[in-house]
Amino acid sequence: MASFSGLASALESYRGRDRLIRVLGYCCQLVGGVLVEQCPTRSEVGTRLLVVSTQLSHCRTILRLFDDLAMFVYTKQYGLGAQEEDAFVRWVSVLGNLADQLYYPCEHVAWAAETRVLHVDSSQWWTLSTALWALSLLLGVARSLWVLLKLRQRLRSPTAPFTSPLARGKRRAMEAQMQSEMLSLLSNLADLANAVHWLPRGVLWAGRFPLWLVGLLGTISSLLSIYQAVRAGGQAEATP
């Protein structure tokens with residue numbers, strides 16, 4: 001009953017529903033892609049799953065029509081990252097916020113063009129929004145790698161023996177942060193691989209992934225995101 005209660009509570013929030021829709025969509029694409037490409041006798045089932053995946057993706061696109069204000073508030077609160085001690089983390093985060101902020105209106109225009117609300121070329125706007133998403137992910141990867149490097153250096157520093165109870169608690173906190181950054185890194189790398197795939201052909205591996213691989217990478221990223229959210233919630237509850 002506790003698990004059902006937790007799931008119901010998560011689905012009451014926008015982020016919780018979005019995570020569930022995302023993982024379901026990519027799982028359908030993974031299974032559907034495998035059935036269509038590897039199991040000719042089950043190709044009809046696979047095609048139906050791919051249709052479901054597409055519809056779930058459209059659902060998330062429509063829901064993101066209302067994300068601009070929330071992103072603007074977050075970007076404004078973060079500002080130039082004066083609270084960050086590390087200059088590299090600060091400016092990478094600022095650029096990432098800018099890319100995310102520009103992503104939403106570009107995607108909105110692409111969606112409006114595709115639904116014939118606007119009479120413009122939707123493909124150009126989809127490309128621009130995907131490029132901004134890829135840039136944001138790339139900056140996230142750079143940030144995580146930098147933070148992991150710095151944390152590793154601090155943990156291995158001879159001037160930080162971590163012998164006292166307070167120091168050992170600090171060490172555990174740093175190790176937990178390293179685990180969180182590693183999960184974020186893996187999630188961003190999986191999404192970045194898909195983002196490049198959706199760029200115009202000729203850009204690295206764009207357009208070369210089979211459907212099942214796109215679904216697999218998206219499923220991995222989605223499950224990592226859900227795990228991080230559950231883990232963060234558990235840590236918040238454990239904090240006195």
Side-chain angles (χ1 to χ4, degrees), residues 7-33 36 45-77 96-137 140 187-188 190-200 206-207 209 211-230:
L7 178 60
S9 178
L11 291 177
E12 288 179 356
S13 69
Y14 167 74
R15 293 301 173 194
R17 286 193 298 270
D18 182 69
R19 290 189 184 100
L20 180 60
I21 294 171
R22 190 180 201 268
V23 73
L24 287 177
Y26 277 120
C27 283
C28 286
Q29 186 169 6
L30 170 59
V31 177
V36 168
V45 176
T47 300
R48 291 177 181 178
L49 287 173
L50 292 176
V51 170
V52 172
S53 173
T54 300
Q55 292 303 312
L56 290 173
S57 178
H58 288 167
C59 174
R60 296 185 66 234
T61 299
I62 293 173
L63 289 175
R64 282 196 296 269
L65 293 174
F66 308 98
D67 281 355
D68 301 73
L69 182 59
M71 186 65 219
F72 175 76
V73 171
Y74 174 79
T75 301
K76 184 179 179 182
Q77 289 176 344
N97 290 341
L98 179 60
D100 289 337
Q101 192 69 62
L102 294 174
Y103 164 82
Y104 289 107
C106 290
E107 186 189 52
H108 301 341
V109 173
W111 170 82
E114 194 169 85
T115 55
R116 301 184 184 278
V117 175
L118 296 178
H119 297 291
V120 295
D121 184 5
S122 64
S123 62
Q124 294 181 355
W125 288 97
W126 282 124
T127 297
L128 181 56
S129 64
T130 303
L132 288 167
W133 182 41
L135 175 60
S136 175
L137 293 168
S187 178
N188 285 338
D191 280 338
L192 181 59
N194 275 345
V196 173
H197 164 74
W198 284 316
L199 289 172
F209 285 176
L211 291 172
W212 67 266
L213 181 55
V214 174
L216 176 62
L217 291 171
T219 300
I220 291 173
S221 171
S222 301
L223 291 176
L224 287 173
S225 176
I226 291 174
Y227 175 73
Q228 282 184 286
V230 172

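Throughout, numbering of the chain's residues begins at 1 and tracks the sequence. Since the model is a prediction, treat every value here as computed from it, not as a measurement.
At least one side-chain heavy atom of Thr61 sits under 4.5 Å from a side-chain heavy atom of Arg64. Side-chain contact between Trp133 and Trp198 is present, with heavy atoms from C-beta onward closer than 4.5 Å. Under the 4.5 Å side-chain criterion, counting only non-hydrogen atoms from C-beta, His108 is in contact with Asp68. Taking the side chain as every heavy atom from C-beta outward, Leu217 and Phe209 approach each other to under 4.5 Å. The side-chain heavy atoms of Trp125 and Leu118, taken from C-beta on, include no pair separated by under 4.5 Å.
From Arg19, atom CZ reaches atom CG of Leu223 across 12.5 Å, with rounding to the nearest 0.5 Å. The line from CG of Leu24 to OG1 of Thr219 is 9.5 Å long, rounded to the nearest 0.5 Å. If you take CG on Leu102 and OG on Ser136, they are separated by 10.5 Å, rounding to the nearest 0.5 Å. A distance of 13.0 Å separates CG of Leu135 from OH of Tyr103, quoted to the nearest 0.5 Å. How far CG of Leu128 is from CD of Glu107: 11.5 Å, rounded to the nearest 0.5 Å.
When all heavy atoms of Ala195 and Leu137 are compared, the pair lying nearest together is CB-CD1, 4.2 Å. Minimum interatomic distance between Tyr26 and Ser222 (heavy atoms only, all atoms of both residues): CD1-OG, 3.7 Å. Here the shortest heavy-atom pairing between Ile21 and Leu56 reads CG2-O, 3.7 Å. In this structure, Ser122 and Ala110 approach most closely via the heavy-atom pair CB-O, 3.7 Å.
Between the side chain of Ser53 and the backbone N or O of Gly25 there is at least one donor-acceptor pair closer than 3.5 Å.
The side chain to side chain contact (heavy atoms under 4.5 Å, CB included) check on Leu49 picks up Cys28, Val31, Leu35, Val45, with sequence neighbours excluded. Arg22 is linked by a salt bridge (charged side-chain N to carboxylate O under 4.0 Å, His left out) to Asp191, counting only residues two or more places apart in sequence or in another chain. Remark: Gln101 engages Met71, Phe72, Thr75 in a side chain to side chain contact (heavy atoms under 4.5 Å, CB included) (not counting sequence neighbours). Judged as a side chain to side chain donor-acceptor pair (under 3.5 Å), and not counting sequence neighbours, the contacts of Asp18 are Arg60. Contacts of Glu114 classified as side chain to side chain donor-acceptor pair (under 3.5 Å), with partners at least two apart in sequence or in another chain: Trp126. Val36 is linked by a side chain to side chain contact (heavy atoms under 4.5 Å, CB included) to Thr47, Leu50, counting only residues two or more places apart in sequence or in another chain. By the side chain to side chain donor-acceptor pair (under 3.5 Å) test, His197 pairs with no residue at all, sequence neighbours left out. Scanning for side chain to side chain contact (heavy atoms under 4.5 Å, CB included) contacts around Thr115 gives Trp111, Val117, with sequence neighbours left out. Every residue two or more places apart in sequence or in another chain that forms a side chain to side chain donor-acceptor pair (under 3.5 Å) with Ser187 is listed here: Ser221.
Under the salt bridge (Lys or Arg N to Asp or Glu O under 4.0 Å) criterion, no residue pair touches residues 214-229, with sequence neighbours excluded.
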